[in-house]
Amino acid sequence: MHLRQTISSWFSSSSSSSSPTPADNQYGLSSTSFADLLAAEYPAIHSSELVHLDHAASPPPPISAVTALTTKLSTSIYSNPHSHAPTRQEIDYMRSRVMHVLFCLNQREQEGWDLVWTSGTSASLKLVAESFPWSPRAKYRYLKESHTSLVGVRGCALAGGAEVESLTLDAFLSLVSLEDGHARDSHVLHAYPAQCNVTGSRLGLHPALSIARDLKKARTKHMVLVDAAAYLSTSPLDLSTVPYEDAPDLIVGSFYKIYGHPTGLGFLLVKRSSAHLLTSGKDTYFGGGAIEALSVSSPYWVRPRGSKDIETSIGLVHERFENGTIPYLSIITLGCAIDAHQRLFTPHLNLTSFDPSSCLRAVSNHTRYLANLTRKSLASLKHWDDTPLVHMHRGEGSERWEDDGPTIAFTLYTPSSSSHGHPIGHSHLLNLATLANIQLRTGGLCNTGVLARVSGLSDRELLQLWQDGRVCGDAVEFGGQTHDKPLGLVRISFGACSSVQDVHKFIEFLQRYFLVSKEIVDLTTEQSLLDQRAEEKGETDVYLKSLFRYPIKSCAGESLTSSRLTPHGLLHDREFAIVNSATGKILSQKQCSRMVLIRPSICDNNLVMKVNAPEMPELIVPLKGTEVEVDTRMCSSVFGSRISVEADDWVSKFLEVPCQLHRFHQPSTPPVSSCSAGLQYSLNTPAPPPPAPILFSNESPFTLISTSSVDIVSTWVQSSHSDTKLTPIHSSCFRANFILSSPSTSESSFPPFLEDMLTHLRIGTQTFQVLARCRRCLMICVDPETGVRTREPFCCLAKNRRNGRQRVEFGVHLMWRPELSLGGEAVIRVGHRVGWTVGG
């Protein structure tokens with residue numbers, strides 16, 4: 001009982017001793033000074049306005065670390081440490097420095113440890129797996145919610161005949177499976193992550209202490225392996241606070257997770273008193289620098305380095321495991337990275353005495369402050385019916401975890417009358433995040449244990465998903481026995497250079513794209529009553545003036561009076577593309593302005609496409625059964641099918657370039673895997689929106705402009721040129737699907753560029769979400785009637801419509817939101833009234 005109280009006391013004190021406060025944010029710097037530091041050290045992020053929320057995958061390296069390396073290599077000579085003593089001395093110094101910075105071990109304490117350089121965490125785990133003495137009497141126990149690389153050790157264990165246990169946290173800590181008289185001389189490897197790579201929940205050294213105090217004193221062949229890769233990314237793992245005999249035996253990690261570079265460099269930290277339990281693979285492969293002697297001829301023998309001292313734990317452990325020449329320049333790079341880290345994130349904290357680990361402690365406080373702020377903000381996001389938008393995931397048995405690190409995993413839900421709505425697919429969120437210039441991580445996140453628990457997936461369902469073609473990393477969003485279980489999560493993570501602005505921008509992103517407010521609901525309900533009254537009185541306000549689709553990408557548009565909607569865009573919009581036969585790349589007006597003179601139209605109840613061009617016979621393309629070659633990869637990584645030799649000859653002759661006509665098929669209905677199967681689209685039980693596949697479109701399924709915006713641009717063009725005969729700008733040059741207008745008597749109802757401020761639109765009964773503004777290129781300067789390229793309207797837009805990143809913008813991208821639309825036919829028509837909501 002006393003032992004359990006001791007562990008509980010240590011655990012409680014470690015989790016409550018360092019709650020971050022606003023003073024911990026930004027390392028003691030003012031907001032202005034911190035912003036200046038980020039702009040100077042991370043120019044790529046600053047100039048692109050990227051919101052980088054994937055620090056758990058890799059933080060960006062500061063530019064000063066890179067320039068310092070350049071200076072160092074230009075003033076010093078480094079060579080193979082096997083033959084160059086100064087390089088070897090610096091490598092050994094870096095071993096000591098890593099133990100001090102990451103593990104808080106002073107010079108004397110380091111005598112009980114040795115650090116082996118590897119190519120990364122996975123390589124370190126593989127080294128342990130191949131060196132552990134597996135046998136039918138051995139056992140591998142690991143935490144079920146571990147990274148795949150840690151789970152992968154079981155492959156070697158099973159191959160060696162050992163028993164394997166995949167355990168919940170409670171079972172892992174209770175050690176019940178080892179209280180059944182398991183032989184005291186059996187080898188047992190206990191493995192767990194110091195921090196979950198998905199949820200950010202932290203165990204730290206708590207399990208190692210528990211296992212050591214309960215088992216290892218009585219069973220000397222037990223070892224504890226800690227995956228510290230995620231934990232060390234923002235915090236030191238302080239080994240100086242625990243008795244040496246209770247510390248874990250093996251710890252693995254990667255340096256790029258902490259500093260951004262060097263990549264391809266990791267470590268295995270080995271406790272010398274336990275090193276004798278690992279073999280050096282003397283019966284398998286050996287490399288230069290890792291042996292003391294070997295035979296030349298038969299009988300063949302080899303003596304690995306340190307083999308005489310294995311049982312006495314004397315000598316250098318790393319000599320037994322570092323085969324060949326170690327990556328010495330990467331290790332030199334690591335020194336520059338640590339220098340930059342400490343220079344940037346430590347001096348502003350008014351420390352009474354400098355401790356090499358102080359930098360990571362400061363980063364820990366800074367990132368935990370941001371993570372706590374984010375968790376609080378996420379919890380406050382509620383839909384119009386007061387159901388939560390975000391469900392955050394913690395580690396299984398979360399009351400046993402030390403605390404939460406700066407990593408947050410979650411799933412978004414739609415509003416519902418039940419306690420939770422329906423989950424929104426992770427691929428859908430990733431697509432929108434990319435458009436919003438936010439970098440995050442989605443999917444299974446290399447941790448099937450967490451995904452299976454959160455989504456309720458059994459091993460049988462996981463096997464069936466694989467048999468059905470689903471693999472880790474693909475875009476399939478839902479599956480399982482009920483076909484509606486999420487197959488991916490969303491993860492955001494913070495690092496040393498994260499800021500409060502990153503938090504605010506991410507929360508604004510979720511509010512804009514996923515939060516369903518009462519205002520949005522009213523847009524599709526109360527507004528319909530206003531439409532009915534207006535129609536009865538013969539009144540009109542803002543309405544859909546024109547509707548266009550572009551059957552062949554970059555060719556002329558087809559004016560429509562109505563169209564059916566699909567998640568991909570208007571029916572048959574940008575379904576075809578012309579591909580350069582030599583390069584395999586899709587052609588556009590940027591390379592060939594004559595394409596605008598090709599005028600396709602879909603006719604005969606969508607059965608054929610007729611294509612016309614000046615001085616060319618009409619080309620008839622049946623829309624069923626004409627493809628001659630399938631699965632041709634395009635430059636944009638989508639797949640298409642070739643139409644016919646006749647079609648190829650037609651487009652090649654007109655464009656005077658060898659090319660082919662290809663087609664990307666639109667599914668007739670939204671993909672089942674993208675939303676909960678069997679759910680009806682309605683406001684009462686909304687289904688999650690599917691991802692927005694875009695066929696041969698550039699960035700989104702739909703684009704929209706307004707006549708008021710076109711008119712003001714035309715005015716700019718006229719006032720910029722003295723030529724009174726200059727042709728006014730026509731809306732067709734912007735190649736939009738939807739063109740909004742208002743009667744001349746109510747021009748103020750939709751002023752120029754109001755579309756920039758919108759969040760949602762209702763056209764008729766259908767609701768659309770505004771994704772982003774359209775970036776414009778020189779294609780808008782091609783005259784739609786003649787194919788001649790001019791300077792306008794791009795020049796005037798470049799002068800008047802540049803954003804903060806100096807990109808020219810006009811119009812907006814849209815995505816259809818069927819679950820927010822009224823029931824009935826998914827069709828929009830010219831003349832439909834338009835309503836909208838405006839963002840902040």
Side-chain angles (χ1 to χ4, degrees), residues 79-85 87-89 91-92 95 113-140 149-150 152-164 183 185-189 191 220-223 225 249-252 264-331:
S79 185
N80 191 323
H82 290 161
S83 58
H84 191 248
T87 301
R88 183 168 59 253
Q89 291 169 1
I91 297 304
D92 290 337
R95 294 185 205 273
W113 301 85
D114 199 1
L115 187 135
V116 180
W117 301 112
T118 69
S119 63
T121 302
S122 296
S124 299
L125 291 170
K126 185 172 183 287
L127 178 60
V128 172
E130 293 174 344
S131 302
F132 196 80
W134 304 112
S135 71
R137 294 165 58 88
K139 178 180 287 191
Y140 179 51
S149 295
L150 190 62
V153 174
R154 78 184 186 191
C156 290
L158 292 171
E163 182 182 350
V164 172
D185 61 347
S186 298
H187 293 89
V188 179
L189 181 61
T220 59
K221 293 186 178 180
H222 285 238
M223 299 184 76
L225 166 64
D249 305 279
L250 306 163
I251 304 175
V252 299
L265 183 66
F267 66 85
L268 167 63
L269 185 67
V270 183
K271 188 159 65 174
R272 289 184 187 276
S273 61
S274 304
H276 65 281
L277 295 177
L278 297 179
T279 67
S280 58
K282 62 183 179 181
D283 296 325
T284 54
Y285 177 80
F286 53 87
I291 64 167
E292 293 178 345
L294 80 164
S295 65
V296 174
S297 306
S298 178
Y300 299 108
W301 54 266
V302 63
R303 299 294 180 264
R305 283 193 180 276
S307 56
K308 296 179 180 178
D309 306 316
I310 289 178
E311 295 300 326
T312 59
S313 301
I314 300 173
L316 300 177
V317 178
H318 66 262
E319 290 185 343
R320 295 165 47 198
F321 297 103
E322 291 175 353
N323 283 289
T325 301
I326 58 176
Y328 59 91
L329 284 183
S330 293
I331 298 170

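Not counting sequence neighbours, the partners of R95 by the salt bridge (Lys or Arg N to Asp or Glu O under 4.0 Å) test are D92, E322. By the side chain to side chain donor-acceptor pair (under 3.5 Å) test, H84 pairs with T87, sequence neighbours left out. For S295, the side-chain contact (heavy atoms from CB on, under 4.5 Å) partners are Y300, W301, not counting sequence neighbours. Residues passing the side-chain contact (heavy atoms from CB on, under 4.5 Å) test with S135, sequence neighbours excluded: R137, A138. Listed by chain and number, the residues in a ring-ring contact (aromatic ring centres under 6.0 Å, His included) with F267 are F103, F255 (sequence neighbours excluded). Residues that satisfy the side chain to side chain donor-acceptor pair (under 3.5 Å) test with S330, not counting sequence neighbours, are absent from this structure. By the side chain to side chain donor-acceptor pair (under 3.5 Å) test, S79 pairs with no residue at all, sequence neighbours left out. Partners of S119 by side-chain contact (heavy atoms from CB on, under 4.5 Å), not counting sequence neighbours, listed by chain and number: A123. Every side-chain contact (heavy atoms from CB on, under 4.5 Å) that T121 has, sequence neighbours left out, goes to L125, D227, A229, V252, S254.
Taking NZ of K126 as the start and OG of S149 as the end, the distance is 12.0 Å to the nearest 0.5 Å. The distance from the CH2 atom of W113 to the NZ atom of K271 is 5.5 Å, given to the nearest 0.5 Å. Of the inter-residue distances, the one linking F286 atom CZ with N323 atom CG reads 9.5 Å to the nearest 0.5 angstrom. Between the CG atom in L268 and the OG atom in S131 there is a gap of 8.5 Å [rounded to 0.5 Å]. Taken to the nearest 0.5 Å, the CG atom of L250 stands 10.0 Å off from the OG atom of S124.
At least one side-chain heavy atom of L189 sits under 4.5 Å from a side-chain heavy atom of W134. With contacts defined as side-chain heavy-atom distances shorter than 4.5 Å, the pair L225/V128 qualifies. In this structure the side chain of L265 reaches within 4.5 angstrom of the side chain of I331, judged on heavy atoms. Side-chain contact between M223 and F132: present, with at least one pair of heavy atoms (C-beta onward) separated by less than 4.5 Å. Taking 4.5 Å as the limit, every side-chain heavy atom of L115 sits out of range of all side-chain heavy atoms of H318.
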Might you work through the side chain to side chain contact (heavy atoms under 4.5 Å, CB included) test for R272 and V317, ending with a clear yes or no?
CA-CA 7 Å; R272 289 184 187 276; V317 178; 4.2 Å; yes

Please test V164 against K139 for side chain to side chain contact (heavy atoms under 4.5 Å, CB included), starting from the C-alpha separation and ending with a verdict.
CA-CA 6 Å; V164 172; K139 178 180 287 191; over 6 Å; no

Please assess D249 against L277 for the test side chain to side chain contact (heavy atoms under 4.5 Å, CB included), listing each intermediate value before the final yes or no.
CA-CA 10 Å; D249 305 279; L277 295 177; 6.0 Å; no

Could you walk me through whether L278 and F321 pass side chain to side chain contact (heavy atoms under 4.5 Å, CB included), step by step?
CA-CA 10 Å; L278 297 179; F321 297 103; 4.1 Å; yes

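Scanning both residues, K221 and S186, for their nearest heavy atoms gives CB-O, 3.4 Å.
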